[in-house]
Amino acid sequence: MKYNFNEIEAKWQKIWADRQTFKAKNNSDKPKYYVLDMFPYPSGAGLHVGHPLGYIASDIYARYKRHKGFNVLHPQGYDSFGLPAEQYAIQTGQHPALTTEDNIKTYRRQLDQIGFSFDWSREVRTSDPKYYKWTQWIFSLLFESWYNEDTDRAEDIKDLIAIFQAEGNGKVDAACDDDIEHFTAEEWAAFSSEKQQKILLKYRLTYLAETEVNWVPALGTVLANDEIVNGVSERGGHPVVKKKMTQWSMRISAYAERLLQGLETIDWPDPLKEMQRNWIGKSVGASVSFNVIPTEQSDEESYKIEVFTTRPDTIFGASYMTLAPEHELVEKITTAEQKEAVDAYVEATSKRSERDRMADVKTITGVFTGAYAEHPFTKNPIPVWIGDYVLAGYGTGAVMSVPCGDDRDYAFAKHFGIDIPNIFEGVDISEEAFADKDNAIIANSDFIDGMNYKKATKRIIFELEQMGQGEGKTNYRLRDAVFSRQRYWGEPFPVYYKNGLPQIIDLKYLPLQLPEVEKYLPTETGEPPLGNATVWAWDSKSNEVVDNEKIDNKTVFPLELNTMPGWAGSSQYFNRYMDPHNDDEIFSKEAIDYWEQVDLYIGGSEHATGHLLYARFWQKFMFDKGLVPHDEFAKKLINQGMILGTSAFAYRKEGENTFISKALIENETIQPIHADVSLVNASDELDIEGFKKWRPEFAEAEFICEADGSFKVHREAEKMSKSKYNVVNPDDIIERYGADSLRLYEMFLGPLEQYKPWNTAGITGVHSFLKKLWKLYYDDNGLKVSEDEPTKDNLKTLHKTIKKFEEDIDDFSFNTSVSTFMIAVNEFTAQKCSSKAILEPFLILISPYAPHIAEELWESLGHSTSISEADFPVFDESYLVESTKNYPISFNGKMRFTMELALDLSKEDIEAAVLAHEKTKEQLQGREPKKVIVVPGKIVNIVG
RNA sequence: GCUCAAGUGGCGGAAUUGGUAGACGCGCUGGAUUCAAAAUCCAGUUUCUUCGGAAGUGUGGGUUCGAUUCCCACCUUGAGUACCA
C-alpha cells in the first residue's frame, strides 16, 4: 500500500470536524493549558506559506500537551475589522461585511487543510455584533472609571463623585488631565450638571479631549503613534500631519509604571520586553521651577518656567534655558526687541512637518527671547532661548540647558556662543560635553562639590524641596492612546451627545450596531463616514437607534460618528474565547476562573508596542475591576520569525528594453525588475518565454544570455508580498506534498524565532521522511507491523527519541525535533524494526507534527479512538545507560558522561574511565576529580 | 547616534553548566535498479595534504589541560528607536 497523503489528510480532517475531536470543555479533572495564536486579519489575498508558521508551532505544542494529559484550549478567530475591507468598499461599493465574509471563507478553507487542532466552536470575529457588544461594554466600563494613585488601581467613578461631594478634590491623587482646578465640596455642589460632567471627563480612564493628533489626509483618519513609521503611515506610506481634533483617548499613561513592573513577571522574549520598556520610557529625575526675571512686558505678572531634568546634579552648570517653540510662555516673556525674531522662528518651525524636523536633526536652530530666568541657587540671571530641539510633547516642553553635560546643549551653546561652564572635576570639555554620569565628580557647584551623581542628585532635590522650587519626579514617554478613528469599518462607540457632552448607552441596550451608509468616505463637511448614515440618532426614552430627522436634543440625540481603532477588538479576545457564546456576561466567572490566562501565546514581534501593550493595559484594568484573576493575560510569549520570500530580479539595461543575464553585467547601468518566482528554476534560470507572456511590456524585450543559452536572475530575500511576485501559496505545496510535509518543513526550516527565506526545494527531504515512515508500517503486502518482542537496539532508539523530543519541545526547538524523527526512522529501517511495541508509541511522538499520517497508521494498528487521546510514552532511562550500570559511576556525580555518549561507550571505555578516575583520585589524595571526560575509543581528559 | 540580536561547509542549519565541530536535510559526485526517465536504494561530500597528518566556527587578543561556547577590542549584517532633557 502506498502513502496516499491527499486521501488520508482529507479523511482525517473530516473526521476531526465531524467528531469535534478538539472541542475543549470548561471543566475537567485534567490540568488546563491555554495555547493561543494571534488571530489573523482575513485579507483578500489569502494565506501564503509564511502565515501558518506560528500556527503550526502552537498546534504542535497544543497536541503535545494533550498527549501529556492536559485539557487544552486552542481557539482561533478573526480580527475582522480593518482598513483594507473599507478601502475596497470605497472603491467598489461592496459592503465590508460581505468582503470580510468571503475572505474568512478562504482563510478557513486554507487553515483547515493544514490540519490544525483548533476548537472552532469557540470562533470569534471582532466585527460580529455579538462580539463587539463586549468591546463596547469594556469601553463603557473604562468611561465609568478613574485611576486612584493612592490605591494604585482603577476605581468606580461613583466613588470619585462621593469624594467630591464630601470634601472636594483637594486630597484626590488621580491620574487625570493636568489642567484641573481645585474645588471644595460646596463648590462642587454648586456647579451645574454640565460643569460637573466636564470635570469628571478629565478623570475618566477614557475621555474626550482636544488633542494634537496624527492626521493622515490621504486616509481621512488619525493614527496612533505606533501606526506611524518614519513619519508616514504604516499602511500605505501616506504623509502624516499634526492637527488638533476632539478625540476619545485611553488613559494608558495611568498604567505606565504597572506596565513596566509587570514585564518582570512574565516570560516574554527579552527584545520584546526591551521594546516595551523603551516605549514606556521611564526617566527618573526632578522637576525644577525657575523664576522669570520680570521685564517691562511682563512686570504685572510673575512667570515660572517648569523644567524636567534627569541630571539635577548638574544644575550649577546651567548657563541658559530652552523652551519649545510651542511653549505657552514664549509669547508672554519675549521682549520687544526680540519679538520679531521670535515670531518668525515660531512661524517657521510650525510650518515644518514632523517628518522634516526628524530628518533634519543636525541643523541647530534657535532664537533668544530676550528674557532671563533666575538660577534657584546662585540667583544669577540666565538667558531664556527657544529651540526646536526641545519637544513640546515631552516633560514640560522646557529644559535647563547644561552644555558641559549634554551633547545637544553643548552643540547649541557652541553654535550661539553661549557660556559653557565646566562643573566636572578633571574633565576636559573644550571639544565635547561630558555626559557620562556614572564617572562624574561635581566641581564648581557650591555645596555639592566633590559629590558623585547619586549623592549630588539627592542633595539638590532635598534643597529644592526645602525652597519650594522643585521636587523629585518621574517622567514617562508613554502617551495616552488616541482611540477615535474616522472610519466606517470599526466598532461604533456606545455614546450619544447631549448638549455636546458624551453619554454612555447602558449595557442592556448593547450592541449598538453599525448603521448602513451609502458611501464609505468621509462626508462633504469632513465628518467621519458614519456622518453619511441617515438612521443614526439615539432615542433616550425608548433606548433605540432612530432616524436622524427625529433629533430634538431633548429625548433624541446624535450618536458618536467615530469608530474604535483596530486594537480595541484584539485587546479582549483572548478572554472571550473562554466563554464565547455568553450573551449575558463577557465571560462567566467559572470560565475565567478555570482558564485563568493564556499559558502560551505565539505571534509576531511587530505587535510589541501596539496590540501587546494595549492588551496588557486592558487586562490590568479588568483585573482592577475584579473581572479577571491575573493582571497579565499571557504567561509566556514566543515571537515567531517571518518567512521571507526569495524574490527574483531580472536586470534590465537602463532606458532600454534589453535584459542582461546576471553574470554578464560589467559596468552597464541596470535596473532590477521583479520576475515572478514561478518563472525561475532552482538554478536561478529564467523561463524567458514565460516571462515575455507574463508581462505584455516585456513581450518584445531582448535577452542577452550566457554562453549556454541560459538567462540568470539575481535572488534576494524580501518580505513575501504580491507586489514582489515572490508569494508561495500553501495550497500548491499541500497538493503536491501534503499538509504533513508542509507542517514538518516549516518547522524544519530553522529556529522558530528566526527570520528565514522560503525555499521550496528542501521540502523533498521531509516528504521522503514521511514516505519512509509509512514504509515502516506498510509494504506491498499490506500492514507489516508484528507482535515481535522489540530488540535492545529498537528500545534504545525509541527511548533516545523520546528523551530528545521532550528536551527539544520544552525549549521550543521544533526544528531539531524533526531531525530527531528522521534519525529514528533511519535507525528503525536499518534495524528492520516491525515490533508493534516500538512502532505504536513512536506514532504518538510523531503525531503533533504530522497528525494525519499518525492518525491513519494509528487506526491501522487497530485503534478506534483518535491518537490525540493517547498518552505520551513513558521514557525509561535504563535502555540508554545500561552499559554503565555495573560500574561505580553516577551520572550527576563527579564523573560525567553525557547521555548520548553513554550509548556508544564500549565496556573497555568504561573500564578505562573508571581506572583513570581512581588513579586521579589517588593522585589528588582522596579528593574527587572534577570531571572525567570519556568519548568512544579514548579518555579525553581528567580534570583534577 | 543609542539599544538589542546574530556571524559555523556550496545552502538551511546542529552542537552552551567549556569536552569527538559540521548532527539532520538540501545540493553535488559516484554506483545499483531501468530500454529510458521519474521514484527508490547504497557510498562519498569543511579545506589543504607528500595520505603520516595539518588547519578550521567574522577579525585580533586573553582566560583554560581544553573555547563555536567565557572575557576584551574591532569588523559585518539584521531589528528596534531616534533631538525623551
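Not measured: the values here are computed from a predicted model. Protein chains get the first letters and strands the later ones, always in sequence-line order, with residue 1 at the start of each.
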> Check every atom of B:A14, B:A85, B:C84 against the side chain of A:N815 and return the nucleotide holding the closest atom.
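Of the candidates, B:A14 comes closest.
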> Please state whether the rings of A:Y389 and A:F412 are parallel, tilted or perpendicular, taking 30° and 60° as the class boundaries.
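Ring orientation of A:Y389 relative to A:F412: tilted.
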> Roughly how many Å is it from CG in A:L323 to P in B:C84, rounded to a whole number?
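Distance check: A:L323 CG to B:C84 P gives 17 Å.
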> Taking any strand in view, what nucleotide pairs with B:C84 in a Watson-Crick or G-U wobble way, both distances under 3.5 Å?
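Partner of B:C84: none found under 3.5 Å.
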> Could you check whether A:K273 gets within reach of a base, just the sugar-phosphate, or nothing at all, counting any heavy atom under 4.0 Å?
nothing
> Which pair of non-hydrogen atoms, one from A:I315 and one from A:H375, has the smallest distance, and what is that distance?
O-NE2, 2.7 Å
> Of the candidate nucleotides B:C24, B:A39, B:C26, which contains the atom at the shortest distance from the side chain of A:K771?
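Closest nucleotide to the A:K771 side chain: B:A39.
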> I need the CE-P distance between A:M275 and B:C4, as an integer number of Å.
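Computing the A:M275:CE to B:C4:P distance gives 14 Å.
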> Could you measure between the two C1' atoms, the one in B:A23 and the one in B:G60, and give it in whole Å?
31 Å
> Just N and O in the side chain of A:Y755: are any of them under 4.0 Å from OP1 or OP2 of B:G78?
no
> Ignoring backbone atoms, test whether A:Q276 places a side-chain nitrogen or oxygen under 4.0 Å from the OP1 or OP2 oxygen of B:G80.
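So the side chain of A:Q276 is outside the cut-off, no N or O lying under 4.0 Å from OP1 or OP2 of B:G80.
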> Work out how far the P atom of B:G18 is from that of B:A67, and round it to whole angstrom.
13 Å
> Verify the contact: side-chain N or O of A:N278 to OP1 or OP2 of B:G80, cut-off strictly under 4.0 Å; return yes or no.
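Answer is no, no contact under 4.0 Å.
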> At 4.0 Å (heavy atoms only), tell me whether A:T764 reaches a base, stays on the sugar-phosphate, or touches nothing.
sugar-phosphate
> Should the ring pair A:F821 and A:F842 be called parallel, tilted or perpendicular, given that the plane angle runs from 0 to 90° and is split at 30 and 60?
perpendicular
> For the side chain to side chain contact (heavy atoms under 4.5 Å, CB included) test, which of A:D740, A:I846, A:T829 pairs with A:L773?
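Of A:D740, A:I846, A:T829, side chain to side chain contact (heavy atoms under 4.5 Å, CB included) with A:L773 is met by A:I846 alone.
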> Looking only at heavy atoms, what is the nearest atom pair of A:Y394 and A:R477, with distance?
CE1-CA, 4.0 Å
> With nearest nucleotides of RNA chain B determined for A:Y745 and A:A398 from heavy-atom distances, which residue corresponds to the more 5′ nucleotide?
A:Y745
> In terms of side-chain heavy atoms of A:P271, which of B:C4, B:C26, B:A85 is nearest?
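Selected nucleotide (nearest to the side chain): B:C4.
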> Between B:A6 and B:U69, how far apart are the two P atoms, rounded to whole Å?
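Rounded to whole Å, the distance is 13 Å.
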> Can you tell me how far C1' in B:U45 sits from the matching atom in B:U59, rounded to whole Å?
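Straight-line distance between the two C1' atoms is 29 Å.
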> Side chains of A:S283 and A:T310: donor-acceptor distance under 3.5 Å anywhere?
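No pair is found: no donor N or O on one side chain lies under 3.5 Å from an acceptor on the other.
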> Does B:C4 have OP1 or OP2 under 4.0 Å away from a side-chain N or O of A:R277?
no
> What distance, rounded to whole Å, do you find between the two P atoms, one in B:G27 and one in B:A39?
9 Å
> Look through every strand shown and name the nucleotide pairing with B:C51 as Watson-Crick or G-U wobble, where both distances are under 3.5 Å.
none
> Pick the closest RNA chain B nucleotide for A:P751 and for A:A761 by heavy atoms, then say which residue is nearer the 5' end.
A:P751
> Is the distance from OP1 or OP2 of B:A85 to the nearest side-chain N or O of A:S283 less than 4.0 Å?
yes
> Give me the distance, rounded to whole Å, that separates B:C4 from B:A73 when you measure between the P atoms they each carry.
13 Å
> Just one of A:V399, A:T396, A:I305, A:V390 clears the side chain to side chain contact (heavy atoms under 4.5 Å, CB included) bar with A:L323, so which one?
A:I305
> If you check every side-chain atom of A:F748, which of B:G27, B:G12, B:C84 has the closest atom?
B:G12
> Nearest to the A:S768 side chain among B:C84, B:U40, B:G13, which nucleotide is it?
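Output: B:U40.
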> Could you measure between the two P atoms, the one in B:G52 and the one in B:C42, and give it in whole Å?
29 Å
> Write down the distance separating the C1' atoms in B:A55 and B:C72, rounded off to the nearest Å.
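Per the computed distance, 26 Å lies between those C1' atoms.
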> What is the nucleic acid contact for A:N826, judged by heavy atoms within less than 4.0 Å: base, sugar-phosphate only, or nothing?
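Touches sugar-phosphate only.
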